[in-house]
Amino acid sequence: MPSIEKHVEISMQRTSKPYREVHEWIDEPQHKNERHDITRVLEFSRMFEEKYGEEAAREYVQHLADDLNGKFNHLVEDIQALVDKTLVYFGAREQ
């Protein structure tokens, strides 16, 4: 998952605004799991819209999407490495 700094950088590229408050809130260590709970997306996006506007709410959702992409990309890389090792082990591919 991207760091807060990376999320801020991505927000700047998308909107010309950092939305640091949004990213820091989502990734606060004590509440990180709760704040990444996709069943609460509507609740939290409404909160950001009321506090910072519609664009901030979209950045909250985009933060979650970026984190999901990061997680799945790591899984794909890990699985590919396991497949490669297995193919080498069984002689189906050279090392």
Side-chain angles (χ1 to χ4, degrees):
M1 293 190 307
S3 66
I4 290 174
E5 292 307 317
K6 184 65 176 173
H7 281 294
V8 167
E9 179 184 321
I10 294 168
S11 287
M12 286 294 294
Q13 291 170 357
R14 261 195 303 265
T15 68
S16 299
K17 298 174 191 161
Y19 290 107
R20 180 175 292 280
E21 304 88 359
V22 173
H23 301 300
E24 288 177 344
W25 182 87
I26 296 168
D27 285 343
E28 183 183 354
Q30 290 178 311
H31 304 285
K32 192 170 185 171
N33 288 342
E34 169 192 350
R35 293 174 179 177
H36 283 78
D37 181 347
I38 61 170
T39 66
R40 300 185 73 186
V41 169
L42 291 176
E43 172 189 352
F44 292 146
S45 63
R46 282 188 204 117
M47 178 192 72
F48 282 116
E49 185 171 5
E50 289 172 9
K51 192 168 186 176
Y52 301 110
E54 185 179 329
E55 190 174 68
R58 283 194 308 269
E59 284 302 297
Y60 161 71
V61 174
Q62 190 62 54
H63 179 118
L64 296 177
D66 293 343
D67 283 355
L68 275 170
N69 284 333
K71 282 273 191 192
F72 283 112
N73 287 340
H74 281 292
L75 285 173
V76 169
E77 291 168 7
D78 292 347
I79 290 169
Q80 187 60 55
L82 288 171
V83 167
D84 293 343
K85 284 181 183 179
T86 302
L87 292 172
V88 169
Y89 178 81
F90 287 107
R93 181 181 291 165
E94 290 186 23
Q95 200 162 348

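The analysis underlying the following values was restricted to heavy atoms, covering all of them including side chains, and did not include hydrogens, waters or symmetry mates.
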Are Leu64 and Leu68 side-chain neighbours, meaning at least one heavy-atom pair lies under 4.5 Å? no

Does CD belonging to Gln13 count more than 12 external heavy atoms closer than 6.0 Å? yes

Any chain of hydrophobic side-chain contacts (each under 4.5 Å) joining Val22 to Ile38? yes

Within a reach of under 6.0 Å around CG of Asn33, are more than 12 heavy atoms found that belong to other residues, nucleotides or ligands? no

Heavy atoms, side chains only, cut-off 4.5 Å: are Glu59 and Ile10 in contact? no

Contact summary for Ser45 and Ala57, nearest pair of heavy atoms: O-CB, 3.3 Å

Is there a donor in the side chain of His63 and an acceptor in the side chain of Asp67, or the other way round, less than 3.5 Å apart? yes

Could you grab the distance from atom CD of Glu9 to atom OG of Ser3, nearest 0.5 Å is fine? 8.5 Å

Taking atom CD of Glu43 as the centre, does the number of heavy atoms from other residues, nucleotides or ligands within less than 6.0 Å exceed 12? yes

Please check if the side chain of Thr15 supplies one atom and the backbone of Met12 the other of a donor-acceptor pair under 3.5 Å. no

Separation between CG (Asp84) and CD1 (Ile79), nearest 0.5 Å, reads 12.0 Å

In a check of side-chain hydrogen bond (donor to acceptor under 3.5 Å, both in side chains) between Ser11 and each of Lys6, His23, Arg58, which one passes? His23

Taking Glu34 first and then Arg40, would you say they form a salt bridge - that is, a charged N and a carboxylate O separated by under 4.0 Å? yes

Spacing of CG belonging to Leu42 relative to CD belonging to Glu49, to within rounding of 0.5 Å: 11.0 Å

Without hydrogens or angle criteria, can the side chains of Tyr19 and Glu55 be said to hold a donor-acceptor pair below 3.5 Å? yes

Do Val8 and Ile26 sit in the same hydrophobic cluster, where Ile, Leu, Val, Met, Phe, Trp and Tyr count as joined when their side-chain heavy atoms come under 4.5 Å apart? no

Donor-acceptor side-chain pairing of Gln62 and Asp66 below 3.5 angstrom: yes

Using a strict 4.0 Å threshold on nitrogen-to-oxygen distance, state whether Glu5 and Arg20 make a salt bridge. yes

Please check if atom CG in Leu82 has more than 12 non-hydrogen atoms from other residues, nucleotides or ligands closer than 6.0 Å. yes

Do you reckon Tyr60 sits in the same ILVMFWY cluster as Tyr52, going by side-chain contacts under 4.5 Å, direct or chained? yes

Quick check: does any side chain N or O of His36 sit under 3.5 Å from a backbone N or O of Lys32, one acting as donor and the other as acceptor? yes

